[in-house]
Amino acid sequence: MNYFVLADCNNFYVSCERVFNPKLEGKPIIVLSSNDGCVVARSQEAKKLGIKMGEAFFQVKDLCSRHKVLVFSSNYQLYGDMSQRVMDVLSEMAPEIEIYSVDEAFLKYPGTIPSHEMYSICEENRRILKRWVGIPISFGIAPTKTLAKVANDLAKKNRDIGIFNLSDPVEREKILQKYPIGEVWGIGGRLRARLQALNIFTAGDFCKMDPVIVRRKFGVVGERMLWELRGVSCLGLAKSAPKKSITFSRSFGRAVTEKEELAEALATFVSKACIKLRSQKGCAKAMYVFLESQLSSKEFVRQQFSAAVDFPMPTNDTPQMITAAKECLTQLFQENQRYKKCGVILLDIIPEAQVAPDLFLGGLNQKRSHLMHTVDAVNARFGKQSVFFGAMGVNTPWTGRIANRSGYNTTSWNRLPIAKTSTPQTRVNSRKSSTTFFA
DNA sequence: TCTGGGGTCCTAGGACCC
DNA sequence: TCTGGGGTCCTAGGACCC
């Protein structure tokens, strides 16, 4: 038996904002999604005010201004960079690691370590991460990944300690008996409803079910969940694998009606998706292009139009894909539509090395491939979009709202925080904080 | 006025093959 | 009269995750 430990950063995006602006400690803070659409992260103080995850911002705006909630637009460059730092440190700490999301990782330790010692290891890891990176983190310890998720959830409920050990089977049984089934990792709204209809309300109830029946009613996924909750590990650490599909899409800041603007947006998304594709040394066999328009301003209903292209040879060539995306746009575009969003998805991605030369088309175009890699190298060295394709346009009138974005404290020399030494205590201030109070 | 963005896995059913 | 059986691949859709 091994230990699975789920390390999960507390209120990650909020914590990232706080690292470079300590004045934010103890204040209610929320971070919004792209386009300042809805709430994607909340500090404890904001949670206490009743602001829900995923709630539309305009619906809580008044509440925010009444309680002086600090509102940030999302700053993915900052969060991505901070995530990298956290994961680097965690990788040093554990024998094995699976980076599960931007703010979570599963760690695996050998079962020979005594349970109480696992606890001490996590205490130490927590202390180091806070000190080295500045991000508070919680640990859940258990014999399976699903139980580690439960343990982490319990750790978060007592964040001063921030660690919960669910290794002891007797104690575990008592806890699972009270743990709502809908909170279990892998149980969404639909499955919860189906389980409740069978009088299964807690993880403990579920554990008592017959595996054969669970298999029949809920498939392999259900049965796996059952054994995991019973303490039998079915899910190992996933190896980091190249993406099988890459999506790039955005909602617009306003309705877009011009075909040219859509073409520029699509070219931009294709270009970004291709950079990601080449960075994992992949080629896509197909591309899917979609546009979304709003049916009416009263109801939140969107209509989607899509087209797909199969490439004669798998490719990662940006100009070729931009051309293909433009052809899709021509098929899809309708005058007098008010488009709110568009995007591209690169599909059926295979490793570059596996692209078989075609009898008639030949192999990958070496010259073009070299050009693409040179463009990527220039942009990596001199900053994003030092070189870009004309088709992407320069005005980007379609970009979304980002009213309150913090600085690029970790990724731009011009935005480094300044340490003031004139005051008795050294304080770190962000030079150009665009934080605003809604007052 | 205003509601994000990016993924994965599994299953069922149809097409097709021998 | 009587119409097999087994396998693979592909796709769409469902469900879930952060």
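In the text below, chain A, chain B and the rest are named by the order of the sequence lines, each starting its count at 1. Side chains included, hydrogens not; waters and symmetry mates left out as well; all remaining heavy atoms used.
- One can place CZ of A/F290 at 10 Å from C1' of B/dG6, the figure rounded to the nearest angstrom.
- A/K61 places its NZ atom 13 Å from the P atom of B/dT1, with the value rounded to the nearest Å.
- Applying the side chain to side chain donor-acceptor pair (under 3.5 Å) definition to pairs two or more places apart or across chains, those involving residues 328-342 of chain A are A/K259-A/T330, A/S293-A/Q337, A/Q334-A/Q337.
- One can place CD of A/E292 at 11 Å from C1' of B/dG5, the figure rounded to the nearest angstrom.
- Ring centroid separation for the pair A/F4 and A/W185 does not come in under the 6.0 Å cut-off.
- In terms of modelled atom types and a separation under 3.5 Å, the side chain of A/T323 and the main chain of A/P319 share a donor-acceptor contact.
- Nucleotides of DNA chain B nearest to A/A241 and A/G37 differ in position, and the one nearer the 5' end is that of A/G37.
- Close to B/dG5, at under 4.0 Å from its OP1 or OP2, lies a side-chain N or O of A/K341.
- Within 6.0 Å of NZ on A/K47 lie more than 12 heavy atoms contributed by other residues, nucleotides or ligands.
- Within a heavy-atom distance below 4.0 Å of DNA chain B, the residues of residues 201-229 of chain A found are A/V220, A/V221, A/R224.
- A/S167 is linked by a side-chain hydrogen bond (donor to acceptor under 3.5 Å, both in side chains) to A/N165, counting only residues two or more places apart in sequence or in another chain.
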Worked check of salt bridge (charged side-chain N to carboxylate O under 4.0 Å, His left out) between A/D36 and A/R401: CA-CA 6 Å; A/D36 290 350; A/R401 282 180 298 272; 5.4 Å; no

Salt bridge (charged side-chain N to carboxylate O under 4.0 Å, His left out), that's the test. Do A/K149 and A/D153 meet it? Break it down for me. CA-CA 6 Å; A/K149 273 276 191 186; A/D153 185 38; over 6 Å; no

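- Salt bridge annotation for A/R127-A/E124: present, with a cationic side-chain nitrogen under 4.0 angstrom from a carboxylate oxygen.
- Taking 4.0 angstrom as the limit, A/S249 places a side-chain polar atom (N or O) nearer than this to OP1 or OP2 of B/dG6.
- Summarising the geometry, the separation between CZ on A/F248 and C1' on B/dG6 is reported as 10 Å, rounded to the nearest angstrom.
- A/I30 has its CD1 atom 14 Å from the C1' atom of B/dG4, to the nearest Å.
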A/E173 and A/K178: salt bridge (charged side-chain N to carboxylate O under 4.0 Å, His left out), yes or no, with the steps? CA-CA 9 Å; A/E173 203 187 321; A/K178 290 186 200 150; over 6 Å; no

Which nucleotides of DNA chain C pair, in dot-bracket form (Watson-Crick or G-U under 3.5 Å, | meaning another strand): ....||||||||||||||

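- Atom pair A/N35:CG and B/dT3:P shows a separation of 7 Å (rounding to whole Å applied).
- Residue A/D36 is the one, among A/D36 and A/P242, whose nearest nucleotide of DNA chain B lies closer to the 5' end (criterion: closest heavy atom).
- For the C1' atoms, the distance from B/dC17 to C/dG4 is 14 Å, rounded to whole Å.
- Ion pairing between a basic and an acidic side chain is recognised when a charged N comes within 4.0 Å of a carboxylate O; A/K285 and A/D310 show no such pairing.
- If you measure from atom CH2 of A/W398 to atom C1' of B/dG4, you get 15 Å, rounded to the nearest angstrom.
- Using a 4.0 Å heavy-atom distance criterion, A/S245 is classed as a sugar-phosphate-only contact.
- Contact annotation for A/R250: backbone-only contact, meaning every heavy-atom pair under 4.0 Å involves sugar-phosphate atoms and none involves a base.
- Phosphate proximity of B/dG5 to A/S251: present, with a side-chain N or O under 4.0 Å from OP1 or OP2.
- Scored by the side-chain contact (heavy atoms from CB on, under 4.5 Å) test, A/E45 finds A/R18, A/P28, A/S43 as partners (sequence neighbours excluded).
- Between A/W227 and A/F206, a ring centre-to-centre spacing not shorter than 6.0 Å is recorded.
- Across the protein-nucleic acid pair, A/Q59 atom CD and B/dG4 atom P stand 11 Å apart, rounded to whole Å.
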Base contacts versus sugar-phosphate-only contacts with protein, heavy atoms under 4.0 Å: please encode nucleotides 7-18 of chain C as B, S and - from 5' to 3'. --------SSSS

